[in-house]
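Here is the structure we will look at.
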Amino acid sequence: MSVELVLLFILLIVAAVAGVLIYLQRSKQRQAAPPPPAAPRDPFADQGDSAAGDPRSIKAGDMIDWGAERTWIRGTLRLSEGGYVWSEHFLEVEGGKRWLSVEEDPDVELALWSGRPDLDLTPHSKTIELEGVTYRLQEKGSGSYRSEGTTGLKAQGGLDYADYESSDGRLLSFERFDHGGWEASTGTKVAPGTFTIYPGS
């Protein structure tokens, strides 16, 4: 073997070793590099991670513990108007109709509602007097619904609604589904964390 071939062989070995060393050094530098900082976030935003559970994830079959009372979600309506969506969760109760509404606008807003079939009212004015309280129209519109579990409605359809509120925060709402009659309900706002959610199977 000539001297030139020996030198060429040695140079190839040295180049290969140098390449491996450079690769290993760069790998160590990549591993040692600190991770990029986390994206800034609003420290006051509702993260939905309290011990009580995230009300945005409630569904039919879940159990709700109010402390003194436990009840189950019998059915859920997923409502939408344009790009805005909200939910109504029907509670297992005797002798009446109650539900929990969950909206995100942009913070999570909760309200507990009771059906009022005893009221002969329709939402055709900007203010309504009821039991000595004046309610003012906040918003009204039309949208669509999708039904899950037991709701008494079709799998999907349309709805009209009108929401009123009193100066002290009491709520009055009207809904009609699939061009039926208006259904009135009264409600109160509920603070997040007031109840605990136990997911169903």
Side-chain angles (χ1 to χ4, degrees), residues 46 52 54-56 58-60 62 64 66-69 71-195 197:
D46 178 8
D54 186 351
R56 293 168 295 189
I58 295 174
K59 63 188 182 310
D62 290 352
I64 306 293
W66 300 91
E69 175 189 6
T71 187
W72 279 261
I73 302 297
R74 294 288 312 275
T76 292
L77 291 180
R78 306 293 180 186
L79 306 139
S80 63
E81 180 184 11
Y84 183 65
V85 296
W86 69 102
S87 300
E88 293 181 357
H89 306 287
F90 293 89
L91 306 177
E92 170 80 52
V93 293
E94 288 192 29
K97 184 176 175 184
R98 269 199 319 168
W99 64 94
L100 178 72
S101 64
V102 180
E103 301 183 41
E104 199 168 3
D105 189 27
D107 297 325
V108 175
E109 298 176 5
L110 309 172
L112 185 61
W113 299 90
S114 295
R116 295 292 303 272
D118 57 307
L119 299 179
D120 186 21
L121 296 172
T122 56
H124 290 105
S125 60
K126 292 189 177 179
T127 61
I128 293 178
E129 295 283 334
L130 175 61
E131 298 167 347
V133 178
T134 301
Y135 295 87
R136 299 192 182 282
L137 180 65
Q138 301 297 307
E139 62 180 316
K140 64 189 305 186
S142 299
S144 61
Y145 71 83
R146 185 170 44 84
S147 179
E148 303 168 0
T150 302
T151 64
L153 295 171
K154 300 185 303 185
Q156 57 187 20
L159 84 148
D160 302 300
Y161 69 91
D163 293 332
Y164 293 74
E165 186 172 346
S166 69
S167 58
D168 62 357
R170 286 184 269 189
L171 306 172
L172 173 65
S173 182
F174 297 87
E175 294 178 319
R176 64 180 176 187
F177 297 94
D178 303 313
H179 306 293
W182 285 106
E183 298 176 18
S185 55
T186 52
T188 55
K189 296 177 183 179
V190 176
T194 303
F195 53 85
I197 305 161

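Not measured: the values here are computed from a predicted model. Note: hydrogens, waters and symmetry copies are ignored here, and every other heavy atom, side chains too, is used. Residues: numbered from 1 along the sequence shown.
- Taking the side chain as every heavy atom from C-beta outward, Val108 and Val102 approach each other to under 4.5 Å.
- Considering only heavy atoms from C-beta on, Tyr161 stays 4.5 Å or farther from Leu79 through its side chain.
- The structure places CZ of Phe177 at 12.0 Å from NZ of Lys154, a figure rounded to the nearest 0.5 Å.
- Looking at Glu69 and Arg98, a side-chain N of the basic residue comes within less than 4.0 Å of a carboxylate O on the acidic one, giving a salt bridge.
- Although no hydrogens or angles enter the test, the distance criterion places no donor-acceptor pair under 3.5 Å between the side chain of Glu139 and the main chain of Leu137.
- Residues Ala162 and Pro123 come closest through the heavy atom pair CB-CB, 3.5 Å.
- Interatomic distance, CD of Glu165 versus CZ of Arg170, reported as 11.5 Å (0.5 Å rounding).
- Inter-residue side-chain proximity for Leu130 and Tyr164 is flagged as unmet; no heavy-atom pair is nearer than 4.5 Å.
- A donor-acceptor contact closer than 3.5 angstrom links the side chains of Ser80 and Ser144.
- Heavy atoms only, all atoms of each residue included: Asp178 and Gly157 are closest at OD1-CA, 3.4 Å.
- The closest side-chain heavy-atom distance from Leu112 to Thr194 is not below 4.5 Å.
- From Asp62, atom CG reaches atom CG of Leu100 across 11.0 Å, with rounding to the nearest 0.5 Å.
- For Gln156, the CD atom sits in a loose shell: 12 or fewer heavy atoms of surrounding residues, nucleotides or ligands are nearer than 6.0 Å.
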query: Taking it one step at a time, do Trp86 and Glu109 satisfy side chain to side chain contact (heavy atoms under 4.5 Å, CB included)?
result: CA-CA 10 Å; Trp86 69 102; Glu109 298 176 5; over 6 Å; no
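- Residue Trp182 holds its CH2 atom at 5.0 Å from CG of Asp160, rounded to the nearest 0.5 Å.
- Between Lys97 and Trp113, every side-chain heavy-atom pair lies at or beyond the 4.5 Å cut-off.
- Atom NE2 of His124 sits in a crowded spot, with more than 12 heavy atoms from other residues, nucleotides or ligands closer than 6.0 Å.
- Put simply, NE2 on His89 and CD1 on Ile197 are 8.5 Å apart, with the number rounded to the nearest 0.5 Å.
- The closest side-chain donor-acceptor pair between Glu88 and Tyr145, if any, does not fall under 3.5 angstrom.
- Using a 4.5 Å heavy-atom threshold, the side chains of Ile58 and Phe195 count as touching.
- Taking the six-membered ring where tryptophan is involved, the planes of Trp99 and Phe90 are tilted, since the angle between them lies from 30° to 60°.
- Residues Lys59 and Arg78 form a side-chain contact, since some pair of their non-hydrogen atoms from C-beta on lies under 4.5 Å apart.
- With values rounded to the nearest 0.5 angstrom, Thr150 atom OG1 is found 4.5 Å from Arg74 atom CZ.
- Side-chain N/O atoms of Ser185 and Arg116 include no donor and acceptor closer than 3.5 Å.
- Counting heavy atoms of neighbouring residues, nucleotides and ligands inside a 6.0 Å radius, atom CG of Asp105 exceeds 12 of them.
- Annotation: side chain of Ile73 is in contact with side chain of Ile64 (closest heavy-atom distance under 4.5 Å).
- Looking at Thr71, its side chain does come within 3.5 Å of a backbone N or O of Glu92 through a donor-acceptor pair.
- Residues Leu110 and Pro55 approach most closely at CD2-CB, 3.8 Å, considering heavy atoms.
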